[in-house]
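Comments concern the structure below.
Being a predicted model, the structure only gives us computed values, none of them experimental. Only this structure's heavy atoms are used, side chains among them; waters, hydrogens and symmetry mates stay out. Chain naming here is simple, since letters A, B, ... match the order of the sequence lines and numbering starts at 1 in each.
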Amino acid sequence: MRRVAMIAGLAIAFGASAVGAYQLAPPAQESAHWREIAWPFPRDGWPGGRAFRCDGVCVGAELYVRAKRGFCNCDTGVADDDEVDRVADIDLISPRFAAVAAGAIVRVSAMQGRIRHYGLVMPDGTRHAAAGIALSRRCDLLVAVAQGAGDANTVQREALLFLETPEMRTWATAALDGR
Amino acid sequence: MFRRVSLAAALVLFACSTAAEAQKQTVGAPPEASNMKLVGTSDLQARSAYQPTIHHQGDRWIAYIGHHGGTDDVPAPVNPMTGKAESNGTSIVDVTDPARPKYLRHLPGQEGKYESGGAQMVRICDGKGLSKGDPNAVYMLRTFGSEAHEIWNVTDPASPVLIARIGGLKDTHKSWWECDTGIAYLVSGAPDWRTRRMTQIYDLSDPAHPQKIRDFGLPGQEPGSTGAVPTELHGPISTGPDGNRVYFGYGTNKGGILQIVDRDKLLNGAKEPTPDNLRYPEISRLPMSAFNGAHTTFPMLDMPIAEFAEDKDGKTRDIVMIVDEAILNECGEARQMVWFADVTTETRPTMISSYTVPEASGQFCQRGGRFGSHSSNESMAPVYYKKMAFIAFFNAGVRALDIRDPYHPKEVGYFIPSITSATDKRCIPIEGGERCKVAIQTNNVETDDRGYIYIVDRANTGLHILELTGPARAVAGLPKG
């Protein structure tokens, strides 16, 4: 009950709106805690972001978030699923991935974009599920990918809730501002 | 003691702020120049400009200039020739007398702002080089925003006539058109491809009836593929049937790739976009730093290198100049600059040198807008080819490089136009809002066979026609001015 109340409170407090498939997922039965870990990927063209590992309901799942400043589609934003394939950093985890379904519109805070589910073949041959998220703010992007061996809907729901927390919203704004 | 420290601190602060202020461009201030001078200008109706192409047309010289979309403040500037608000498209300017450019026509483009509208790219070919074209005609290939490529008959540049359209696209960009064969490498966004920009190759030797040859891109971009999507195309440059190479530049400001492609295999190989068929014409790739992209990949083959003149082998080198594109204002990214690759051994292309404007020479990171490279001239006319290159460097204007020794490129001149009341602001986000500055944004550059240099401004300051002065003329072998 407290969990349901907390979700409702967050939605009201932070303006969280329809989040595609996220809304279809059943409510969580236990809480999640995202513990920050070191950014696990080698340096590439974009500055590194922040990485987290889930304890609790999505135990073992990891979430990677970063700002990508300088995105050409300033007016159209994240227009289609191909855009999510290109920008959402799925390829950092494994170059071998395939979308499992069409994506959906997602809103996090004041940003809108798309979310899409993928199946990943990890370097050790195991299979993981991932949710790639790409959100636009004018000419910049906030991208996130949540991945793990557990239930994809649960991981996605907890990741989206975490991105709506005040701490993450403040950080995302600063990162998109280049601060 | 405390008062003296305070005074010193205040002086330091004053000196710093004065230095920064000194670099700020103001309306009415003269241009900044070295070994280059202004010959003439056109305001281009205060439209944000991208590609200039200069064509010798009969006894006239005509500049065709592609435009980005409008701005938030002025989505569709008024064309004073028609009195109507028109979405940015293509400016056609008679530059026969470069001191007095005569604006002939504005052809509206796709409605939209900034990169979302306009008609930014333009190429021109004479009909006499096209096997099924009218030998007395001149044709213009242009983009129409993100949705189409168009072919116009511009024999009378003041009265262009649309003759063909290739539509249904999700994006377009910096295409290339071989004027001696009609083969066009159109930077397109085919709806079913996974990338925003790839290549559609057309035979436009009959400009009124475009014939599709094939789609092309990097494996992983094609329809139905999975996994990582390689970085998108920016633009190709072909050396035609004689050179039999096409140099593709991928990426903008990150993860650039120079791809060297066998033109004959590209045009005549299997067309189905399978990974094997896409790999077949590729000779090699040069992956660049993740920090830089490849906006322009300009080939300069068989260049004699004076330093190597006495060597038994390798006296001449095949060089590709790669120009990155800066995207973010006020140095919000890694420096975008110019690179020279030695591609003599085609399967092992190697970076040999680079060039950038020294930031401290003008405190360009504080001036506002973008600082970094964007594009080079692409004319292969003898006046400058393999001798000098001109680089559009946004708020650092245009830079003239002596590239006769591409292992050691050297700046020999520059020109930073004055801003005008039309120059648009450039903003960056700051806590609680944004901060804007006004600075020149030299976007693209082209040269003509006479040696004039044409630069256009992304921030609506128009066209500036320049010529070299002083020692820079000697580099190109031009007579003293």
Side-chain angles (χ1 to χ4, degrees), chain A residues 41-48 66-100 116 118-123 130 132 134 136-142 145 170 172-179, chain B residues 69 72 75 112-117 145-146 170-171 173 189-197 220-221 223-232 234 251-256 288-293 324-334 336 370 427-435:
Chain A
F41 306 112
R43 179 68 212 247
D44 63 5
W46 305 96
R66 63 175 167 170
K68 292 186 171 181
R69 301 179 64 228
F71 174 58
C72 292
N73 297 345
C74 303
D75 289 344
T76 53
V78 181
D80 55 34
D81 285 341
D82 287 340
E83 196 83 64
V84 187
D85 293 4
R86 288 194 292 268
V87 303
D89 281 345
I90 309 288
D91 57 320
L92 293 185
I93 305 165
S94 169
R96 297 166 65 196
F97 65 86
V100 297
R116 196 177 196 193
Y118 299 88
L120 301 173
V121 179
M122 302 299 282
S136 68
R137 190 195 72 173
R138 295 193 299 273
C139 302
D140 303 316
L141 285 175
L142 184 76
V145 54
T170 301
T173 300
L176 288 167
D177 285 351
R179 288 185 275 125
Chain B
D72 287 330
K113 292 182 284 188
Y114 304 103
E115 284 73 34
S116 297
S146 57
K170 61 184 177 186
D171 207 3
H173 203 45
D192 52 348
W193 280 59
R194 299 175 73 211
T195 184
R196 196 167 61 115
R197 293 173 180 162
Q221 296 176 334
S225 57
T226 59
V229 187
T231 189
E232 68 188 22
H234 217 107
T252 302
N253 68 337
K254 287 185 172 57
M288 299 167 63
S289 162
F291 286 153
N292 299 111
D324 317 327
E325 176 181 353
I327 285 186
L328 295 179
N329 294 332
E330 300 190 28
C331 300
E333 66 198 312
Q336 303 304 309
R370 302 186 193 188
C427 306
I428 62 167
I430 58 171
E431 195 156 9
E434 59 181 16
R435 189 199 65 227

Nearest atoms (heavy-atom pairs only) where A:R138 meets B:P429: NH2-CB, 4.2 Å

Verdict with reasoning, A:D82 to B:K170, per side chain to side chain contact (heavy atoms under 4.5 Å, CB included): CA-CA 12 Å; A:D82 287 340; B:K170 61 184 177 186; 3.7 Å; yes

Proximal component of A:L176, with respect to chain B [non-hydrogen, under 4.5 Å]: backbone

Taking every non-hydrogen atom, the tightest pair across A:A98 and B:T226: CB-CG2, 3.7 Å

Minimum heavy-atom distance between A:D177 and B:I430, given as atom pair plus value: OD2-O, 4.1 Å

Which portion of B:Q221 sits near chain A, non-hydrogen atoms under 4.5 angstrom: neither

Option in A:R43, A:E83, A:R96 with maximal non-hydrogen atom pairs under 4.5 Å from chain B: A:R43

Most contacts with chain B, counted as non-hydrogen pairs under 4.5 angstrom, among A:D81, A:D85, A:D80: A:D85

Selection from B:N329, B:N292, B:T195, B:T231 maximising heavy-atom pairs under 4.5 Å formed with chain A: B:T195

Heavy-atom closest pair, residues B:G332 and A:R69: O-NH1, 3.7 Å

